[in-house]
Asks: 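Submitted below is the structure of interest, expressed as structure tokens.
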There are 2 protein chains.
Amino acid sequence: MAANSQFAVAIHVLTILAKAGDERVKSDYVAGSVNTNPVVIRRLLSNLQEAGLVVSHVGATGGTTLAKQAKDIRLSEVYKALPCGEVFALHAKEANQDCPIGRNMAAFLCGLQKEIDKSIEEKLRQYTLRDVIEHIEEA
Amino acid sequence: MAANSQFAVAIHVLTILAKAGDERVKSDYVAGSVNTNPVVIRRLLSNLQEAGLVVSHVGATGGTTLAKQAKDIRLSEVYKALPCGEVFALHAKEANQDCPIGRNMAAFLCGLQKEIDKSIEEKLRQYTLRDVIEHIEEA
DNA sequence: CATAACTGTAACCAGTTTAGTTACGATTAA
DNA sequence: TTAATCGTAACTAAACTGGTTACAGTTATG
């Protein structure tokens, strides 16, 4: 369970919301399709709401809808909305600062990490939620 | 300690080897610069050797050297040599197969995962170990 | 106004992963 | 023969993720 599946689950959740249109979807229902616990879904939706991708309503007839149209939600927005792990971590302990290589390694790696993250975001920006739905429906 | 730092450490290690040239470097020495345990380094070198990036020698005068020149080692090779985590994980439990969305979600996400991985590799292919050294030396 | 049905969130638990560590066998040079 | 080194297995500790329970707050409805 160590690897983070929030992005994957988020795409799944957003797809369900998109198909539901204006109808408010309950966390219980989503959890049923994703096959997890409603609280896990609500936690995730909380992040997506902060990012302006969905709107949740509390109360008896509560539930969640998309905050904008599927064609206007880019997967890069979803990626940025979540605490997805970096592709690689820096070493937990600081390198030996007496070693000229160790001294400059962290800064370099941090920059590389950011560059990779940018690549990922560029790739994900190419897809909207609408594309996901079309892809899934034709399967 | 959940996030995988093997790639970061590998770049560090390879840089040290590159600077050492033909001289065999001992795992103890590398561990000193990276600030970790020699066994961690040897485990990593074992992977890099399998990938043909380094050559290790056992015995009294043992140690490790690069298997080819720094300018011929692309960071994408390093990435592929190691069990780096995927950017995102699929959900551990299978989605509800009775739900038309759940049924097709895993296949789609898996494809997306592969595409992202290709993006990362393309980005890393742009850099060689030589580039890393130059970048670190001018810092 | 009381009730039922939701969301939001805190708190805790269990499983998995990573890196650190110890230990030891195998290999090699001197 | 000895000392130094790699290779690798086994165990441990710490961190993280997701699952679960619990409950407060909100809202529609009769």
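In what follows, chains carry the letters A, B, and so on, assigned in the order in which the sequence lines appear, proteins first and then strands, with residues in each chain numbered from 1. Below, all heavy atoms of this structure are taken into account, side chains as well, without hydrogens, waters or symmetry copies.
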Asks: Let me know the distance between CZ of B:F88 and C1' of D:dG18, rounded to the nearest Å.
Replies: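 Roughly 17 Å, once rounded to whole Å.
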
Asks: With respect to the phosphate group of D:dT27, does any side-chain polar atom (N or O) of A:T61 fall under 4.0 Å of OP1 or OP2?
Replies: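 So the side-chain polar atoms of A:T61 never come under 4.0 Å of the phosphate oxygens OP1 or OP2 of D:dT27.
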
Asks: Consider the side chain of B:Q6, meaning its heavy atoms from C-beta on, and name the nucleotide among C:dA19, D:dG18, D:dT20 that approaches it most closely.
Replies: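 Closest nucleotide to the B:Q6 side chain: C:dA19.
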
Asks: Closest nucleotide of DNA chain D for A:V58 versus for B:T64: which of these residues is on the 5' side?
Replies: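 Result of the comparison: B:T64.
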
Asks: Counting just side-chain N and O atoms, does B:S5 come under 4.0 Å of either OP1 or OP2 of C:dT18?
Replies: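 For B:S5, the contact criterion (side-chain N or O under 4.0 Å from OP1 or OP2 of C:dT18) is not met.
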
Asks: In terms of ring plane angle, is the pair B:F7 and A:F88 parallel, tilted or perpendicular, where the classes change at 30° and 60°?
Replies: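 The arrangement is tilted - the two ring planes meet at 30° to 60°.
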
Asks: Within the 4.5 Å heavy-atom criterion, are A:V87 and A:I120 side-chain neighbours or not?
Replies: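 Yes. Closest side-chain heavy atoms under 4.5 Å.
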
Asks: Quick check: on DNA chain C, is the nucleotide nearest B:V40 upstream (toward 5') of the one nearest B:R24, or the reverse? Name the residue that is more 5'.
Replies: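 Its nucleotide being nearer the 5' end, the pick is B:V40.
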
Asks: Could you give the CD-to-C1' distance, from A:E50 to C:dG8, as a whole number of Å?
Replies: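 That distance rounds to 12 Å.
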
Asks: Output the single nucleotide from D:dT21, C:dT7, D:dC6 whose closest atom is nearest the side chain of A:S27.
Replies: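 Taking heavy atoms from C-beta onward, the closest nucleotide is C:dT7.
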
Asks: For C:dT7 and A:Q49 - does any side-chain N or O of the residue sit under 4.0 Å from the phosphate oxygens OP1/OP2?
Replies: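 Looking at the OP1 and OP2 atoms of C:dT7, neither is under 4.0 Å from any side-chain N or O of A:Q49.
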
Asks: Under 4.0 Å: is that the gap between some side-chain N or O of B:H91 and OP1 or OP2 of D:dG19?
Replies: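 Yes, within the criterion.
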
Asks: In this structure, how many angstroms lie between the P atom of C:dA19 and the CD atom of A:E94, rounded?
Replies: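 These atoms are roughly 18 Å apart.
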
Asks: Both B:A60 and B:L45 contact DNA chain D. Which one's nearest nucleotide lies toward the 5' end?
Replies: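 Mapping each residue to its closest nucleotide by heavy atoms, the 5'-most match is B:A60.
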
Asks: What's the spacing between A:T64 OG1 and A:Q49 CD if we round to 0.5 Å?
Replies: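 Interatomic distance, A:T64 OG1 to A:Q49 CD, rounded to 0.5 Å: 7.0 Å.
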
Asks: For A:R43 and for A:G62, locate the closest nucleotide of DNA chain C by heavy-atom distance; then report the residue assigned to the nucleotide nearer the 5' terminus.
Replies: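 Its nearest nucleotide lies further toward 5', so the answer is A:G62.
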
Asks: Rounding to an integer number of Å, can you tell me how far A:L82 CG sits from D:dG18 C1'?
Replies: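 Going from A:L82 (CG) to D:dG18 (C1'), I get 14 Å.
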
Asks: Determine: side-chain N/O of B:T36 to OP1/OP2 of C:dG20, distance under 4.0 Å, yes or no.
Replies: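 Yes.
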
Asks: Any luck finding a side-chain donor-acceptor pair between A:Q6 and A:Y79 under 3.5 Å?
Replies: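 Absent: no donor and acceptor within the cut-off.
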
Asks: Output the rounded distance in Å from CD (A:E86) to P (D:dT17).
Replies: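 Distance, rounded to whole Å: 12 Å.
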
Asks: Check whether any side-chain N or O of A:S46 sits under 4.0 Å from OP1 or OP2 of C:dT9, and answer yes or no.
Replies: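 Result: yes.
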
Asks: Rounded to whole Å, please give me the gap between CG in B:L48 and P in D:dG7.
Replies: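 Whole-Å distance recorded here is 11 Å.
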
Asks: Checking only heavy atoms, does the side chain of A:R42 share a donor-acceptor pair with the base of D:dT21 at less than 3.5 Å?
Replies: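 Under the 3.5 Å cut-off, the side chain and the base do not form any donor-acceptor pair.
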
Asks: Whole Å only: how far is the NZ atom of B:K26 from the P atom of D:dG7?
Replies: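 Spelled out: NZ on B:K26 to P on D:dG7 is 13 Å.
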
Asks: Expressed in angstrom and rounded to an integer, what is the separation of A:N37 atom CG from D:dA22 atom P?
Replies: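 The distance from CG of A:N37 to P of D:dA22 comes to 12 Å, rounded to the nearest Å.
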
Asks: With the threshold set at 4.0 Å, does a side-chain nitrogen-carboxylate oxygen contact exist between A:R103 and A:E94?
Replies: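 A:E94 and A:R103: not salt-bridged.
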
Asks: I'd like to know whether A:K68 forms a salt bridge (charged side-chain N to carboxylate O under 4.0 Å, His left out) with A:E77, so could you lay out the CA-CA distance, the side-chain angles of the two residues, the decisive distance to 0.1 Å, and finally the verdict.
Replies: CA-CA 12 Å; A:K68 42 186 180 174; A:E77 295 178 80; 2.9 Å; yes

